[in-house]
Amino acid sequence: MRHAWLILTHGNFEILEKQLRFLDSENADFYIHADAKAAFDPERFRAVPKKSRVTFVPRHRISWGHFAMVEAELELLRAAVPGGYDYYHLLSGVDVPVKTRAYIENYFTRAPGRNYVSFLSPEISRTDLYRVRFYYPLQRYNIRKPAVRRTLRNLSAALQLGFGVDRTRRRPDGFVFQKGAQWFSITHALAQYLLEKESEIREFFSDTYCPDEMFVQTEIVNSPFRDTLPEHAFENDYASCLRYIDWQRGNPYTFTDGDLDELLAAPETALFARKFDYRTSPGVVDALFDRFG
């Protein structure tokens, strides 16, 4: 099988460099989007892999929760899909493997055609539906303080609710929205389908709130690709996107040097863990790459 590794990075470039070395393979290529706000030198990474090709896509200025994140993912898919890979894997630049490269590559031979995407629940909640019901134009601004962001977002939603704003009225009969984790491993057929639906994605998700956690899930459940998901995809189980992520201890939790034993014992369905910060806990990152590389 051939793999396209789609990487969203904005810092912690020591981890990115290790990812490129670890996943370097004659069966894989890399497609990288670096946040336009970051001081990023592509030449530092271009020659790191010895077998894989590295492609850097046009950079967008990412603000948390804004449609620019979806733009970046679409850039990655547009660049990679012409390569006709078997699987397309969306990674963040702070993901670290908790299995060997051979294990990771071979995992996708177990059920060819399966799409590994996770969902929060079988049906979207009313609160989460508000993410696409209203307009959130202020998300484009990189407001640093979460409390300020939240207050402005809630005020905007309350005002629009009072005026009866509902963007979801434009959806076709039977069309539903869904939500889940941003990260995925999807087939060529689904990657092509998402690009074919780009105009619809822009219509429904521009100026919404955190659309990166909704657009892939929404397109899947309104298509025949719903039948290609893991059985437990709707159980808020990160195993369905092959990640080890902890939202109980953080938003999500950032693993530290003291968590190494826990990460080494990650279940067989966890190929990568996130997230990590090389500035504060380099030891656990180095240990994992050394152990599995």
Side-chain angles (χ1 to χ4, degrees), residues 4-13 15-16 19 30-42 45 55-81 88-95 117 128-157 160 167-168 170 177-184 186 191 193-220 241 251-252 274-275:
W5 297 102
L6 318 178
I7 303 177
L8 295 166
T9 185
H10 66 276
N12 270 282
F13 297 132
I15 297 179
L16 174 61
Q19 289 174 332
F30 297 98
Y31 296 84
I32 299 173
H33 177 277
D35 190 334
K37 300 191 304 295
F40 181 78
D41 179 13
F45 306 97
T55 299
F56 299 96
V57 304
R59 298 170 64 181
H60 295 266
R61 186 178 179 87
I62 305 297
S63 293
W64 183 85
H66 183 246
F67 188 77
M69 185 68 81
V70 177
E71 293 273 20
E73 291 186 39
L74 292 173
E75 292 280 12
L76 290 167
L77 287 170
R78 273 195 296 270
V81 162
Y88 300 77
H89 313 274
L90 184 67
L91 295 178
S92 82
V94 290
D95 287 0
V117 180
D128 285 332
L129 190 60
Y130 280 2
R131 293 182 174 209
V132 289
R133 176 176 176 176
F134 305 126
Y135 295 88
Y136 297 90
L138 294 179
Q139 289 298 129
R140 71 180 62 249
Y141 302 108
N142 197 37
I143 300 172
R144 296 286 184 180
K145 295 183 178 180
V148 175
R149 286 201 310 261
R150 184 169 55 251
T151 299
L152 292 174
R153 186 170 64 247
N154 291 342
L155 286 173
S156 175
Q160 293 177 71
R167 298 177 55 169
T168 65
R170 298 178 297 184
F177 289 92
Q178 257 293 0
K179 175 182 178 290
Q182 176 182 5
W183 317 105
F184 58 69
I186 62 174
Y193 181 80
L194 291 174
L195 291 179
E196 291 167 3
K197 290 291 185 177
E198 182 172 348
S199 61
E200 180 175 273
I201 291 168
R202 292 183 181 280
E203 177 185 359
F204 286 138
F205 295 103
S206 293
D207 282 327
T208 58
Y209 169 49
C210 289
D212 53 291
E213 296 179 344
M214 296 186 69
F215 83 101
V216 173
Q217 284 81 1
T218 297
E219 294 298 341
I220 288 175
C241 66
N251 295 304
R274 72 178 312 272
K275 59 184 182 173

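We number each residue from 1, following the sequence as shown. Everything numeric in this text was worked out from a predicted model, so none of it was measured.
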Stepwise side chain to side chain contact (heavy atoms under 4.5 Å, CB included) check, S206 with Y135 = CA-CA 8 Å; S206 293; Y135 295 88; over 6 Å; no
task = Give the intermediate values and the outcome of side chain to side chain contact (heavy atoms under 4.5 Å, CB included) for residues E73 and L6.
result = CA-CA 8 Å; E73 291 186 39; L6 318 178; over 6 Å; no
Distance check, rounded to the nearest 0.5 Å: [X] atom [atom1] versus [Y] atom [atom2]?
X: R133; Y: T168; atom1: CZ; atom2: OG1; value: 6.5 Å
X: F30; Y: H89; atom1: CZ; atom2: NE2; value: 10.5 Å
X: I220; Y: L194; atom1: CD1; atom2: CG; value: 6.5 Å
X: Y130; Y: F177; atom1: OH; atom2: CZ; value: 14.5 Å

inquiry  = Taking E71 first and then R59, would you say they form a salt bridge - that is, a charged N and a carboxylate O separated by under 4.0 Å?
reply    =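 Here E71 does not pair with R59 in a salt bridge, since their nearest N and O are not under 4.0 Å apart.
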What are the two closest non-hydrogen atoms of [X] and [Y], and how far apart are they?
X: V57; Y: H33; value: CG2-CB, 3.7 Å
X: I62; Y: A68; value: CD1-O, 3.4 Å
X: Q139; Y: S63; value: O-CB, 3.3 Å
X: L8; Y: A72; value: CD2-CB, 3.7 Å
X: F205; Y: R167; value: N-NH2, 4.2 Å

message = Do E203 and S199 pair up side chain to side chain, a donor and an acceptor below 3.5 Å, judged on atom types alone?
response =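 Checked: E203/S199 side chains show no N/O donor-acceptor pair below 3.5 Å.
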query = With a distance cut-off below 6.0 Å to the six-membered ring centre and an angular limit of 45° from the axis, does R140 pair with F67 as a cation-pi contact?
reply =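 R140 over F67 ring: no.
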